[in-house]
Amino acid sequence: MIRRLIIALITFPCFLFAQSTNSLLQYVDPNIGTAHCRWFHYAPGAFPFGMAKPGPSTNGSLGNASGWEATGYDYRDESIEGFPNFHEFQVGGIVFAPITGQLQTVPGKAESPDEGYRSRFDRKDEVATAGYYAVLLKDYGIKAEVTATPRVAFHRYIFPENKQSHILFDVGNKQGESGEVKDAKVVLTADGRVEGFVTTLPVYVQKYQPGAEVTMFFSAVLDKKPKSFGVFRGKKVTAGKNELSGKGAGLYLTFDTKAGESVTIKAGLSYTSIENARLNLTTEAEQLKFDDAKEKSATAWNNYLGRIQVETPVYNDKVKFYTGLYHALLGRGLASDVNGAYPKNDGSVGQIPLDKNGKPLHHHYNTDAIWGAFWNLSQLWVLAYPEYYSDWVKSQLLVYKDAGWLGDGIANSKFVSGVGTNFVSLAIANAYSSGIRDFDIKLGYEAALKNELDGKNRPFGAGKSDVAQFVKNGYVGHLDKGNGGSETWQFSASHTLEYSFSGYAVAQWAKLLGKKRDYQQLIQLSKGWQHLFNPELKLIQPKLENGAFIANFNPSKPWRGFQEGNAWQYTFYVPHDPLTLIAKVGRNTFNSRLDSVFRTAQKNAFGGGKVIDAFAGIESLYNHGNQPSLHTSWLFNFSERPSLTQKWVRAICNEFYGVEGIHGYGYGQDEDQGQLGAWYVISSMGLFDVAGLTDSKPQLGLGSPLFTKIKIKGNKKYYSGNDFEIEVKNNNAENMYVQSFTLNGNTLHKPFIPLSAVQKGGKLIIEMGKEPKDQY
């Protein structure tokens, strides 16, 4: 039963988010794909790449047992718990929640919302876009809004008339991927601030760096004084007390509100201290009002999204494109403060060097593992956001300097590998090969080489636990049983393929630097995948350390030598040497097999069908919902059948991707901090490099763009600075096949262009037609 019927008597400001007709925010729908989505996926109030990521939570208090399960916001839920301010990989917490009437201090369960402070809501009363979220909490008649600057979360709650209007600061409880709470504190200061912290023990942090922890600090100011206050722990409430410490700590403020009266909270956030949370608040938002922050965020988002402009009469294609781009810009957010303070791997506070004006030379970031990001995010960063890529590299090198090893995924600089590999060396090499070189090259190369070759005293959190065996034998020997984490013994074949690829990437960097001895060793290691190629089956098959292929081999079986995939999928995992793979399989066999794979996969929505699960599809022939297969549709460009790349990439864009809460990125698939969204962005533009831009002279494969016009804005700091434009003539759903490519007036005879051609700026004209064509 609805607790408050008075909402019908209250007039709220219009929920429609005002946007100019040329604003790209009108095409961003954060609700897409939010059924069964990860914690970090939904934070519509965030600033691009921001630390402050306020947004609603429908089930974040559930936490998750393994550290990766879907939790936070689920499109299928009908009530909202509150509004957490941190939404990051393995990081979550500091919940604010407005309520009226009887004071309730536990969130309650989704199936029985009246048992807690959560509130029902309707989709028609919800507005979500890049940088702003609003909703009507029906049970209380409260309109809640959130927006942010990079490190400051803004909340505005518009209350009905009520003498018991409360705001809860639920600080000491787990949220999303945060793991169990170790400690917390919340205090109402003499000058009216609400401040505190929560220290959590994320599951992955405990797995990869036992004993390490993540602490989140906040300092909040309100524009109204409460008439009373108190603290709570669970259901135990102590009125009049202004401070509480320990697990479960929370604080409430009570107001006497008139109809339509608002209370605004500005919360400075930090990973280093309450003092720095205050500093972040003062520096970024001391004079800002809510609407000012909302406008600044909208401008920033529009500018970031506007670095790539597309034109098409198909509205949903623009929605998919800009929503995918939004998710790529949402993830992997700030972890350093305005003064350059940042959390170090050992739990202390570090300092990023400052420039002559006292500004940090770069930022530090939290980040999910880079596993698979070379087929989406890093290519997008190179094309349109090189300054972020540069910062990301420098951020990773902070961890290397502090801990002695690169960390694949990091939460407050703590190791959270997640998948047991470590592609950071490949990503740094990729940046260098792509022309992003304003980082400590000597240190970066040292870190990358160590990551590829060194297994001595290697911490579990640095991944590649079996790299010493790979370096010694050229491949990783298979085990069906082992000790310790599965990453140390279970994935012999996929690790061999991955280490071969990353070895190739760093070899190309060594080549550019004139490191001949390193190049020879690494390029030899890059051929390691050939040890596992079974010429009879023409498949990758795990091998025992004695050189024998494993018995009872089932190519469809995941988890036996292959991580989150199987032999059918991983056989194509030779992105650095597709021509040799094609030759070993035989070009005709390769083409017919791969085409058959996609014809079969199409019947299952190119993944796990309509099964709502992150691992749906890992037993199939092709699984677009997970990283290992993301390059496969582009391999036909190397096997002299580019028309099939054009056909199947378009089909994946049209059928795997949707614009609904349930059908968004597949059906409940694992959209790791923008990876699947970024894949759509680059692939729908008809640009993709199978090798992840790791070649010494990177090139981009060309496909069949969905759009009639595309413009990638030039970047004068890193490249020549001119815009790159693509004009696609006679483009429609029927004309899916390329008839010709013309770059700056010159006909291209193969479906590839140098990356440098895009970076210099120019124009690519693509003629489309109904009939497939493979020779140009």
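In what follows, residues are counted from 1 in the order of the sequence shown.
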Tell me whether the centres of the aromatic rings in [X] and [Y] are closer together than 6.0 Å.
| X | Y | result |
| --- | --- | --- |
| Trp375 | Tyr573 | yes |
| Phe615 | Trp68 | yes |
| Tyr42 | Tyr73 | yes |
| His624 | Tyr657 | yes |

Counting only N and O atoms by type, is there a donor-acceptor contact under 3.5 Å from the side chain of [X] to the main-chain atoms of [Y]?
| X | Y | value |
| --- | --- | --- |
| Asp408 | Ala369 | no |
| Glu545 | Val476 | no |
| Tyr365 | Ile410 | no |
| Ser417 | Thr421 | yes |
| Asn422 | Ala462 | yes |
| Asn451 | Leu406 | no |
| Gln646 | Val738 | yes |
| Ser596 | Ser592 | no |
| Ser378 | Ala373 | yes |
| Ser684 | Leu706 | no |

Next on the checklist: Between Phe562 and Gln569, does the side-chain contact (heavy atoms from CB on, under 4.5 Å) criterion hold? Intermediate values first, please.
Outcome noted: CA-CA 9 Å; Phe562 301 97; Gln569 296 168 17; over 6 Å; no
Within-4.5 Å side-chain heavy-atom neighbours: [X] and [Y]:
| X | Y | answer |
| --- | --- | --- |
| Lys538 | Phe590 | no |
| Trp371 | Asp672 | no |
| Asp77 | Asn59 | yes |
| Phe501 | Thr694 | yes |
| Ser465 | Glu487 | no |
| Ile652 | Trp679 | yes |
| Leu453 | Leu522 | yes |
| Phe606 | Ser633 | no |

Search all heavy atoms of [X] against all heavy atoms of [Y] and return the closest pair with its distance.
| X | Y | result |
| --- | --- | --- |
| Arg76 | His36 | NH2-N, 3.8 Å |
| Gly658 | Ile32 | O-CG2, 3.5 Å |
| Pro575 | Pro578 | O-CD, 3.5 Å |
| Gln675 | Arg332 | NE2-NH2, 3.7 Å |
| Glu88 | Trp39 | O-CD1, 3.4 Å |

Next on the checklist: Apply salt bridge (charged side-chain N to carboxylate O under 4.0 Å, His left out) to residues Lys464 and Glu452 and explain how you reach the verdict.
Outcome noted: CA-CA 8 Å; Lys464 291 194 172 189; Glu452 293 305 310; 3.0 Å; yes
Under a 3.5 Å threshold, yes or no: a donor from one side chain and an acceptor from the other, between [X] and [Y]?
| X | Y | answer |
| --- | --- | --- |
| Asn626 | Glu564 | yes |
| Tyr499 | Asp466 | yes |
| Asn430 | Ser434 | yes |
| Gln508 | Ser433 | no |

Checklist entry - Rounded to the nearest 0.5 Å, what separation is found between the OH atom of Tyr737 and the CZ atom of Arg650? => result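 Here the interatomic distance stands at 10.0 Å.
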Next on the checklist: Quick check for you: to the nearest 0.5 Å, what is the distance between Leu380 atom CG and Met685 atom CE?
Outcome noted: 6.5 Å
Next on the checklist: Checking Thr58 against Asp74 for the side chain to side chain donor-acceptor pair (under 3.5 Å) test, could you report, in this order, the C-alpha distance in whole Å, the side-chain angles of both residues, the deciding distance, and whether it holds?
Outcome noted: CA-CA 6 Å; Thr58 66; Asp74 193 311; over 6 Å; no
Item to check | Positive for side chain to side chain donor-acceptor pair (under 3.5 Å) with Arg641, one of Asp595, Asp774, Asn588 | outcome: Asp774
Next on the checklist: Tell me whether Arg38 is salt-bridged to Glu177, with the criterion being a basic N under 4.0 Å from an acidic carboxylate O.
Outcome noted: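 Between Glu177 and Arg38 there is a salt bridge, with a charged N closer than 4.0 Å to a carboxylate O.
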Item to check | Derivation of the side chain to side chain donor-acceptor pair (under 3.5 Å) call for Tyr680 and Asn376 | outcome: CA-CA 8 Å; Tyr680 182 94; Asn376 37 69; over 6 Å; no
Checklist entry - So His495 and Phe491, would you call those rings parallel, tilted or perpendicular, with 30° and 60° as cut-offs? => result perpendicular
Checklist entry - Going through the checks in order, is the side chain to side chain donor-acceptor pair (under 3.5 Å) test met by Gln175 and Ser178? => result CA-CA 6 Å; Gln175 276 290 313; Ser178 72; over 6 Å; no
Item to check | From Trp405, Phe460, Phe415, residue fulfilling ring pair (Phe, Tyr, Trp, His ring centres under 6.0 Å) relative to Tyr208 | outcome: Phe460
